Amino acid sequence: MKRTGTILLLILAVVLMGIGLCSSQFQVVMAKASKVCLECIGIG
Amino acid sequence: MDNRKRTIIQSVAALIQNADFKGFFTGEIHTGATKGICVPGLNCYSCPGAVGACPLGSLQNSLSAYKFKFPYYVVGMLLFFGTLFGRLICGFFCPFGLLQDLLHKIPFPFKLKKFKADRYLRKLKYVILIVLVIILPICVKLTPFFCKYLCPSGTLSGILLSLGNTGLFKLFGSLFAWKACILGIVVLSAVIIARPFCKYICPLGAIYAPLNKVSLFKLSCDRSKCISCGRCAEVCDMCVDPTEDPNSPECIRCLSCVHECPVKALKAEGIKKKVEKAG
């Protein structure tokens, strides 16, 4: 029973990633992460 | 698995996540397609060597964007990592976890394992997750609150970046001073307490913690073999008793208990054979 839950969660994770990829969220994450986040390093 | 082998795996994982070594000398960060992939552990994407994106930073950026869109991709990745490994990520794949483990190996006159407020402080990471990582970035646009005001991994990245790019030193002001204080507190407390950041502050740990119960990777305790010697609870840095709850949300899956169990009552499911060989 617990294994079924785990597999369902994995499927949900893959579906969410798929939706994200289809809506260009990968590119958004890439664009943000390719610039130095000044606030994160303590400038701001 | 003994601690030495775990340290090797942690080091390899940290190196893979920070494989752009030239960035440490040039003071520039990696750019490219791999930056779109979230790494499982806490590793600031502004670190000069980082080849992937920090899931917490990416989550806050998505939530605090001007035009709100549910962050399907980042949430999906977090759920995927969490469902496969649970907090095994904290124990084996997180570079900031490795740093704390190394700091805790520094000899010190007294090492603190448990104290009065410990039980309550452990809830703090869930509060930080909800308030600083989710609610505030949604309410105040373009501000990743946790990264900006709390994350010591970002401060460390700033220090490493400024070593290669000395011009950054001039830009450090009061925010950096505040964050440097937090980093200092985390570093000093990690010498005395094992994994203080993971225990009390880390929102990524708070995301993975409940998934320990349902993840593919699990610990199990064979009650018929257990002799209740208490050795497993004694060696646990996170103060978990694996015989009571082998899949406790606080367990970071360091596998010290599996290694120390004299009757092999504790087993890691999923990598069962490998663990038995290593033990």
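By convention in this document, chain letters (A, B, ...) are assigned in the order of the sequence lines, proteins followed by strands, and residues within each chain are numbered from 1. From a predicted model like this one, the values you see are computed outputs, not experimental measurements.
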| said: Let's test your reading of the structure: which of Cys40(A), Ser34(A), Ala33(A) forms the most heavy-atom pairs below 4.5 Å with chain B? | reply: Ala33(A)
| task | Using a 4.5 Å cut-off on heavy atoms from C-beta on, say whether the side chain of Pro55(B) contacts that of Val39(B). | result | yes
| query | Looking only at atom types and distance, does a side-chain atom of Ser215(B) sit under 3.5 Å from a main-chain N or O of Gly82(B), one as donor and one as acceptor? | reply | no
| note | If one checks every heavy atom of Ser58(B) against chain A at 4.5 Å, the contacting part turns out to be side chain
| field | Pairing of Lys35(B) and Asp20(B) as salt bridge, 4.0 angstrom limit | value | no
| Of the backbone (N, CA, C, O) and the side chain (C-beta and beyond), which part of Ala50(B) lies under 4.5 Å from a heavy atom of chain A, both, or neither? | neither
| said: Given heavy-atom pairs under 4.5 angstrom as the criterion, report whether the side chain, backbone, both or neither of Ile37(B) touches chain A. | reply: both
| note | Okay, Leu161(B) and chain A: the region with an atom under 4.5 Å from a heavy atom over there is side chain
| request: Examine whether an atom of Val28(A) lies under 4.5 Å from a heavy atom of chain B, and if so say whether it belongs to the side chain, the backbone or both; otherwise answer neither. | output: neither
| Are Glu39(A) and Lys179(B) ion-paired here, with the side-chain N under 4.0 Å from a carboxylate O? | no
| Hey, what do you get for CG (Leu160(B)) to CD1 (Ile29(B)), rounding to the nearest 0.5 Å? | 13.0 Å
| message | Taking Lys141(B)'s backbone N and O only, do any of them form a donor-acceptor pair with Thr143(B)'s side chain (distance below 3.5 Å, no angle check)? | response | yes
| message | As an exercise: rank Leu216(B), Thr155(B), Leu84(B), Leu78(B) by heavy-atom pairs under 4.5 Å with chain A and give me the winner. | response | Leu216(B)
| Out of Ser62(B), Ala33(B), Ala180(B), which one racks up the most heavy-atom pairs below 4.5 Å with chain A? | Ala33(B)
| message | With a 4.5 angstrom heavy-atom cut-off, is it the side chain or the backbone of Ser162(B) that approaches chain A, or both, or neither? | response | neither
| message | Taking the ring of Phe81(B) and the ring of Tyr208(B), is the distance between their centroids below 6.0 Å? | response | no
| remark: Assert top hit (heavy-atom pairs under 4.5 Å, partner chain A, pool Pro71(B), Gly173(B), Ala177(B)) equals Pro71(B)
